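The structure appears below as structure tokens.
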Amino acid sequence: MRPARGPVAIAGQAITILETTAGMNEPKPTRQRERLMDPWWRKARIAARLIQKKEAGQPWTARDQRLAKLLADDPGVTNRLLDQAWWSNRARKLYGPGLMGWFGKSRHASR
């Protein structure tokens with residue numbers, strides 16, 4: 001039997017190689033997390049936290065450097081989305097989670 005060829009097979013092999021070399025596994029999807037947050041937004045928030053860590057003068061670990069490289073090459077993490085995530089993280093540090101809470105739940109609902 002011949003090995004599979006074509007764009008899908010090549011993409012599958014590339015993903016496998018990337019996962020083994022980067023040392024990262026795909027997270028198990030959870031309905032709650034997938035429902036609440038767009039995957040590109042989640043990645044942009046991670047990248048923004050890395051940038052803010054660098055701006056604060058904290059050194060990057062090897063894991064941070066790997067993540068930064070992966071996120072920089074990711075087509076879904078655009079400059080605009082990264083900028084929005086940066087400002088969102090900064091606002092959350094300054095003012096807290098906001099009126100709607102972190103993910104739409106009001107933090108005042110239990111009162």
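Note: hydrogens, waters and symmetry copies are ignored here, and every other heavy atom, side chains too, is used. Values in this document were obtained by computation on a predicted structure and should not be read as measured data.
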Could you check whether any side-chain heavy atom of Ile46 comes within less than 4.5 Å of a side-chain heavy atom of Arg49, counting everything from C-beta outward?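 Heavy-atom side-chain distance check passes, below 4.5 Å.
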Heavy-atom count check: over 12 atoms from other residues, nucleotides or ligands less than 6.0 Å from Asp73 CG?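 Atom CG in Asp73 is packed in, count exceeds 12.
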Indicate the atoms forming the closest heavy-atom contact of Ala48 with Asn89, along with that distance.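 Closest approach of Ala48 to Asn89: CB-ND2, 3.6 Å.
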Taking all non-hydrogen atoms of both residues, which atom of Lys53 and which atom of Pro59 are closest, and how far apart?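 Residues Lys53 and Pro59, closest heavy atoms: CE-O, 3.4 Å.
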Measuring from atom [atom1] of [X] to atom [atom2] of [Y], what distance do you get when rounded to the nearest 0.5 angstrom?
X: Asp64; Y: Gln58; atom1: CG; atom2: CD; value: 9.5 Å
X: Trp87; Y: Leu94; atom1: CH2; atom2: CG; value: 9.5 Å
X: Asn79; Y: Gln84; atom1: CG; atom2: CD; value: 11.5 Å

N/O donor-acceptor pair under 3.5 Å between Trp60 side chain and Leu50 backbone: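 Judged by distance alone, yes, a pair lies under 3.5 Å.
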Any donor-acceptor pair under 3.5 Å linking the side chain of Gln52 with the backbone of Trp86?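 Yes; judged by distance alone, with no hydrogens or angles, the pair exists.
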Pick one: which of Leu71, Leu70, Leu81 meets side chain to side chain contact (heavy atoms under 4.5 Å, CB included) with Lys43? Leu71
